[in-house]
Amino acid sequence: MALPKKKVAIDAKVISQQALYDHVFKLVVEAPEVAERAEAGQFVQLRILNGSCLLRRPVGIAAADKDKGTVAFIYRVVGKGTTALSQLKAGDTINVLGPLGHGFDIKAKKPLIVGGGMGLSPVLFYAAAMEGKADVLMGGKTAGELFWQDLFTGKVQDIFCTTDDGSLGTKGFTTTLLPELLAKKDYDLVVACGPEIMMKGIAKIAKEHGVRCQVSLEKRMGCGLGACLSCSIDTTDGQRKKVCKDGPVFEAGEVFA
Amino acid sequence: MALPKKKVAIDAKVISQQALYDHVFKLVVEAPEVAERAEAGQFVQLRILNGSCLLRRPVGIAAADKDKGTVAFIYRVVGKGTTALSQLKAGDTINVLGPLGHGFDIKAKKPLIVGGGMGLSPVLFYAAAMEGKADVLMGGKTAGELFWQDLFTGKVQDIFCTTDDGSLGTKGFTTTLLPELLAKKDYDLVVACGPEIMMKGIAKIAKEHGVRCQVSLEKRMGCGLGACLSCSIDTTDGQRKKVCKDGPVFEAGEVFA
Amino acid sequence: MSHVLQEKDQRLHTNIAGISMNTPVLTASGTFGFGEEFADFVDLSRLGGVMVKGTTLKPRRGNDGVRITESPMGMMNCIGLENPGVDVFLKETLPRIEQYGMNTIVNISGGTVEEYGILAEMLDVPGVAAIELNVSCPNVKEGGIVFGTDPKAAAAVVREAKKHTKKPVILKLSPNVTDIVTMAKACEDAGADILSLINTLMGMEINIHTQRPTLGNITGGLSGPCIKPVAVRMVWQVAQAVNVPIIGMGGISSFEDAIEFFLAGASAVAVGTANFADPNVTMKICDGIDNYLAEHKLDSIEQLVGKVQID
Amino acid sequence: MSHVLQEKDQRLHTNIAGISMNTPVLTASGTFGFGEEFADFVDLSRLGGVMVKGTTLKPRRGNDGVRITESPMGMMNCIGLENPGVDVFLKETLPRIEQYGMNTIVNISGGTVEEYGILAEMLDVPGVAAIELNVSCPNVKEGGIVFGTDPKAAAAVVREAKKHTKKPVILKLSPNVTDIVTMAKACEDAGADILSLINTLMGMEINIHTQRPTLGNITGGLSGPCIKPVAVRMVWQVAQAVNVPIIGMGGISSFEDAIEFFLAGASAVAVGTANFADPNVTMKICDGIDNYLAEHKLDSIEQLVGKVQID
Ligand SMILES: Cc1cc2nc3c(=O)[nH]c(=O)nc-3n(C[C@H](O)[C@H](O)[C@H](O)COP(=O)(O)OP(=O)(O)OC[C@H]3O[C@@H](n4cnc5c(N)ncnc54)[C@H](O)[C@@H]3O)c2cc1C
Ligand SMILES: Cc1cc2nc3c(=O)[nH]c(=O)nc-3n(C[C@H](O)[C@H](O)[C@H](O)COP(=O)(O)OP(=O)(O)OC[C@H]3O[C@@H](n4cnc5c(N)ncnc54)[C@H](O)[C@@H]3O)c2cc1C
Ligand SMILES: Cc1cc2nc3c(=O)[nH]c(=O)nc-3n(C[C@H](O)[C@H](O)[C@H](O)COP(=O)(O)O)c2cc1C
Ligand SMILES: Cc1cc2nc3c(=O)[nH]c(=O)nc-3n(C[C@H](O)[C@H](O)[C@H](O)COP(=O)(O)O)c2cc1C
Ligand code: FES
Ligand code: FES
């Protein structure tokens with residue numbers, strides 16, 4: 001079996017751990033073998049070795065620097081695994097399995113990224129991969145949640161914001177502003193990542209406007225390799241697919257009726 | 001139930017962690033409630049909170065400083081619990097349950113302490129409690145293992161050493177030198193702590209010389225409180241006793257035929 | 001045995017088969033001694049009850065050799081029912097622990113059906129709140145385990161005990177069975193007032209250095225968080241099949257765990273192994289349940305029992 | 001399927017019921033896909049075999065909703081036998097995985113005794129090393145579990161499979177039974193060439209925030225380190241009662257765990273859940289076993305099997 005490996009499982013050194021917002025952290029690790037292979041939209045499975053987590057935890061790749069050999073993740077602390085993750089310090093080691101799954105289409109000419117919450121992390125990598133060609137539309141509850149603006153600045157052309165309370169940008173959801181943007185601009189792809197309900201709404205609007213749409217799904221995972229069938233979803237044509245292997249990025253029409 | 005508490009379970013701050021020898025560490029924690037109550041020969045149950053240890057681990061009290069409110073433990077790394085223990089750093093927290101069990105007789109006039117290996121830890125506290133009245137006879141494989149000398153210096157009158165290889169003191173075991181010491185000096189109590197086989201030999205010699213002997217036993221423990229009966233032993237009169245509650249210190253005649 | 005209910009525990013008070021409990025949190029037999037060992041850490045009267053050490057007609061020495069060992073998120077024990085016998089319990093222990101004002105539930109084991117009857121009758125005295133029949137302890141060669149895996153034998157034990165005592169009779173189910181529901185129903189039909197479950201799963205550890213079993217009795221009873229999923233499942237299955245109240249146990253070490261058991265159908269819970277890691281854990285569990293009830297705007301634990309929603 | 005045995009694995013080579021295995025370390029059904037998913041991490045030909053995903057006559061969609069959840073040192077799953085069916089397996093999968101030169105053991109589940117026979121016959125083809133009868137999967141409502149808890153039904157399944165294939169037939173035992181030994185003996189008597197154990201314990205988790213079962217199928221199969229003590233105990237009990245070889249599994253995640261199973265009486269072991277935490281773990285286990293044999297001056301795994309010393 002001397003085929004080139006597509007995935008690796010390696011002990012990576014933590015380069016930095018930084019709080020970005022309430023309960024949101026950015027972790028940078030040294031993992032050249034992952035950085036080299038990573039595509040925007042892919043994810044990794046992190047092994048949290050504090051004895052209390054048996055299963056790995058999936059997180060999207062927020063950035064990969066092939067030169068420095070580093071990979072970044074942005075995650076929210078929600079339970080025991082992510083709590084343990086947030087306690088890692090520079091110099092600690094964490095095992096990274098990846099890159100896993102398939103990414104977004106990087107051959108688009110003028111993509112619009114739409115994201116909310118932690119969904120903005122994998123599309124940040126996509127923005128970087130598109131080298132300034134993309135716009136981003138981000139939604140949050142309040143202005144504070146859109147700390148993401150700083151992260152996207154310089155990586156995209158335009159940044160559009162919506163907030164539930166109107167404290168920044170358009171009052172409402174990403175779906176409030178999306179029709180206007182799709183009507184006004186010449187997007188050939190919508191790339192969506194965020195809560196499923198949001199993505200469904202976006203896919204519907206994109207379809208109405210005749211714009212292709214890719215979405216990134218989440219499902220609880222065991223192996224991350226397509227072996228255990230924990231992450232099965234139904235496709236619109238009645239098949240079962242695996243989020244970890246066939247996704248996490250799907251054509252919207254494949255998964256949302 | 002407003003009786004004064006005999007035992008407490010408290011989160012103690014780690015003051016220092018120091019390597020004394022290969023795999024042997026000294027841990028000092030701030031636990032005034034334990035220091036205040038501690039008697040020489042008693043032990044505590046440490047809760048090691050790294051997710052992998054469900055049960056506490058018993059360790060003897062090596063020193064208690066009522067003024068500073070600190071308690072010290074000396075332990076050898078032998079498995080996962082003690083490994084995790086050795087990774088604690090100053091400022092970390094560990095839950096200490098104790099003091100537990102009964103200690104040695106501190107009313108003796110001229111006691112001889114006999115110890116080997118980690119057994120020298122609880123009797124170090126006894127030496128301190130006897131305020132220089134005791135002598136100590138310590139045995140080890142080689143001179144290196146008798147790093148304990150430094151710890152006992154100033155706390156006892158005389159220090160006698162035996163080593164298996166003769167690299168320090170008398171060549172042989174503590175039992176090699178003991179008959180001579182008991183014959184020569186006027187001891188009214190032998191206090192023994194170490195491997196069971198050693199304590200049995202010592203108890204036998206002490207009996208032959210008509211000197212009272214106390215031994216400190218070890219048994220795997222669950223609760224440490226006398227509730228679970230994990231640590232039952234047979235006494236010579238056919239009863240069952242609990243090492244955690246009735247011991248760990250027993251009259252030699254109670255437990256060795 | 002009556003005492004003032006603490007203001008804060010109004011919501012937690014419950015009544016199971018006539019046993020008035022200040023809180024629905026008990027301690028599991030064999031893990032909490034006679035309660036007194038934990039008096040420095042626990043307000044014993046605040047517990048729903050203390051299920052004391054397994055008691056037999058004659059004193060028992062228990063097993064020799066190593067009696068406990070740790071396993072991943074669990075432990076195994078083979079204490080083997082060491083106890084001073086029912087006479088000593090009645091003469092010495094019971095009078096001594098009465099001061100704590102707790103519900104004392106006596107866990108009994110017999111070698112024959114008749115022995116359960118004799119024990120039940122001897123324990124039908126003031127100061128005993130209920131009798132728990134241990135038919136499932138896996139560590140005793142004679143008797144024990146047979147009653148726990150055969151519905152007819154378990155039912156016979158229940159009937160015999162009921163015949164000899166007016167106290168509520170609790171039957172403690174073993175998880176080492178194919179069909180826990182059949183066992184539960186047989187015991188309910190035989191007159192058990194309460195079912196408690198689960199006892200330990202039978203396990204084994206081999207020391208690969210000595211190449212011998214770690215435990216003196218070769219096998220041991222597995223307890224602790226690792227068995228919780230099995231316990232929750234069995235409580236849920238049994239709760240749907242019987243009408244008597246259930247005391248749920250197996251791996252409970254936090255209030256969240258306890259809530260899981262209530263939702264599954266337990267009217268009260270018992271804490272075992274977790275007492276070793278934290279002698280005060282039962283009090284924390286009581287506080288946590290109380291908060292949960294408050295947050296969910298419930299004024300009694302009954303409103304939670306069996307309320308798991310199945311679509 | 002033959003390939004050069006690596007020098008270092010001389011000691012590890014073994015032969016079980018005619019299946020030549022480079023090492024006594026297999027992977028457990030449902031946890032390792034068809035092996036190919038792990039090709040980047042594992043030298044598949046070094047494994048004793050890959051027990052592939054549970055296969056059924058017709059394709060199956062499996063269960064809806066959440067399919068896995070973590071528990072203390074374990075996990076529960078309710079995949080529900082999702083698979084493309086035996087036809088797709090034979091036409092597409094088998095030809096594709098042949099390149100890896102591994103022993104492919106096909107795990108099958110039937111709704112009726114006859115279905116096991118049909119499946120066994122269809123799979124009696126080159127490229128299949130053995131057939132493993134899954135009579136214990138707790139996630140399928142029809143059939144499945146009944147065969148796994150009734151000795152007569154399990155024996156019938158074994159006989160039917162044996163009648164229809166010349167491949168070695170492995171019967172996989174469920175731990176959710178009162179008496180694992182009776183089950184094992186019935187299957188041995190019916191002609192099983194190998195027994196594998198244990199499958200998952202049946203468990204349940206309730207989400208206390210939603211007050212619903214976490215898993216889509218309400219209950220799920222518990223696996224991982226938490227079940228190891230139960231697995232070791234059952235392997236030990238069965239090994240004493242039967243003469244056929246045993247493939248031991250349940251919570252193995254290190255070579256030390258594997259050695260425990262060999263000492264208890266397993267001739268080979270299978271690794272399941274641990275593959276998720278470390279996709280390379282089987283190779284580490286092989287290395288560790290080899291070192292252990294060397295340290296104990298043994299030249300084959302057979303010298304270790306069942307060698308636990310009981311005084
Ligand atoms: C492909 C993919 C990419 C992801 N990328 C990111 C990311 O970039 N940033 C980020 O913050 N989060 C991301 N998530 C979600 C993240 O995996 C979960 O928040 C995390 O697993 C929760 O673990 P915990 O131990 O803290 O929580 P706990 O609640 O303690 O976890 C308990 C169990 O639930 C599972 N679980 C709970 N929530 C989720 C979830 N949403 N998805 C998968 N498993 C879950 C865990 O694996 C574990 O088994 C991603 C999920 C997937 C599937
Ligand atoms: C009363 C008492 C006082 C002790 N005082 C000291 C001391 O001062 N210094 C010191 O170095 N050691 C002392 N020990 C021994 C110490 O408790 C063990 O070395 C320690 O528990 C091993 O834990 P581990 O997790 O590192 O080893 P592991 O082997 O991983 O432990 C596995 C299991 O075995 C139990 N165990 C293993 N060995 C022992 C043992 N010898 N005694 C009790 N339980 C054991 C553990 O509790 C645990 O359940 C004392 C033991 C007792 C009973
Ligand atoms: C050390 C120990 C001793 C036990 N002794 C008894 C006993 O005498 N009688 C009994 O019915 N159950 C006994 N049990 C079982 C517990 O009461 C309880 O059913 C089981 O441990 C599961 O609960 P847990 O996981 O909270 O410990 C014992 C358990 C342990 C750990
Ligand atoms: C996700 C998952 C899927 C499984 N699917 C099957 C299956 O299809 N057929 C089967 O016989 N066993 C199945 N099992 C059980 C395993 O093969 C194994 O018996 C069990 O998990 C115990 O081993 P472990 O603790 O090493 O995982 C499955 C287990 C898991 C975790
Ligand atoms: S996580 Fe195992 S198949 Fe997707
Ligand atoms: S450790 Fe529980 S009785 Fe001694």
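Residue numbering restarts at 1 for every chain, and letters A, B, ... go by the order of the sequence lines. It should be emphasised that the depicted structure is a prediction, and the values quoted were computed from it without experimental measurement.
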Tell me, for C/S253 versus chain B, whether the close heavy atoms (under 4.5 Å) come from the side chain, the backbone, both or neither.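 C/S253 has no heavy atom closer than 4.5 Å to chain B.
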Chain B heavy atoms under 4.5 Å from C/F32: which part of the residue, side chain, backbone, both or neither? backbone
Return the set of residues passing side-chain hydrogen bond (donor to acceptor under 3.5 Å, both in side chains) with C/T27 (not counting sequence neighbours), or none when no residue passes. none
Dump the intermediate steps for side chain to side chain contact (heavy atoms under 4.5 Å, CB included) on B/S230 and C/I79, then the final yes or no. CA-CA 6 Å; B/S230 296; C/I79 309 300; 4.0 Å; yes
In Å and rounded to the nearest 0.5 Å, what is the [atom1] to [atom2] distance from [X] to [Y]?
{"X": "B/C228", "Y": "C/I68", "atom1": "SG", "atom2": "CD1", "answer": "5.5 Å"}
{"X": "C/E70", "Y": "B/R56", "atom1": "CD", "atom2": "CZ", "answer": "12.5 Å"}
{"X": "B/C223", "Y": "C/E37", "atom1": "SG", "atom2": "CD", "answer": "7.5 Å"}
{"X": "C/N63", "Y": "B/L229", "atom1": "CG", "atom2": "CG", "answer": "11.5 Å"}
{"X": "C/T214", "Y": "B/R220", "atom1": "OG1", "atom2": "CZ", "answer": "6.0 Å"}

Below 4.5 Å, heavy atoms only, C-beta onward: do C/R60 and B/R240 meet side chain to side chain? no
Before you tell me yes or no, could you show the steps for C/T273 and B/L54 under side chain to side chain contact (heavy atoms under 4.5 Å, CB included), namely the whole-Å CA-CA distance, both residues' side-chain angles and the distance that decides it to 0.1 Å? CA-CA 9 Å; C/T273 303; B/L54 189 72; 3.9 Å; yes
Does B/L97 form a side chain to side chain contact (heavy atoms under 4.5 Å, CB included) with C/F41? I'd like the steps, not just the answer. CA-CA 10 Å; B/L97 166 63; C/F41 306 100; 3.3 Å; yes
Contact part of B/D234 toward chain C, heavy-atom cut-off under 4.5 Å: side chain, backbone, both or neither?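 When you check distances to chain C, only side chain atoms of B/D234 fall under 4.5 Å.
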What part of B/L225 lies closer than 4.5 angstrom to a heavy atom of chain C: side chain, backbone, both or neither?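 It is both, since atoms from each part get that close.
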Step through the shown structure and confirm whether more than 12 heavy atoms of other residues, nucleotides or ligands are within 6.0 Å of [atom1] on [X].
{"X": "B/I233", "atom1": "CD1", "answer": "yes"}
{"X": "C/K58", "atom1": "NZ", "answer": "no"}
{"X": "B/K219", "atom1": "NZ", "answer": "yes"}

Ranked by heavy-atom pairs below 4.5 Å to chain B, first place among C/K53, C/M75, C/E36 goes to C/K53
Has the side chain of C/D40 got a donor or acceptor atom that lies under 3.5 Å from a matching backbone atom of B/K6?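 Yes, the answer is positive, given that a donor and an acceptor are paired below the 3.5 Å cut-off.
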Please report the closest heavy-atom contact between C/P279 and B/A9, naming both atoms and the distance. CG-CB, 4.1 Å
Sort by residue number and list every residue of residues 28-47 of chain B having at least one heavy atom under 4.5 Å from chain C.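 Within residues 28-47 of chain B, near chain C: B/R47.
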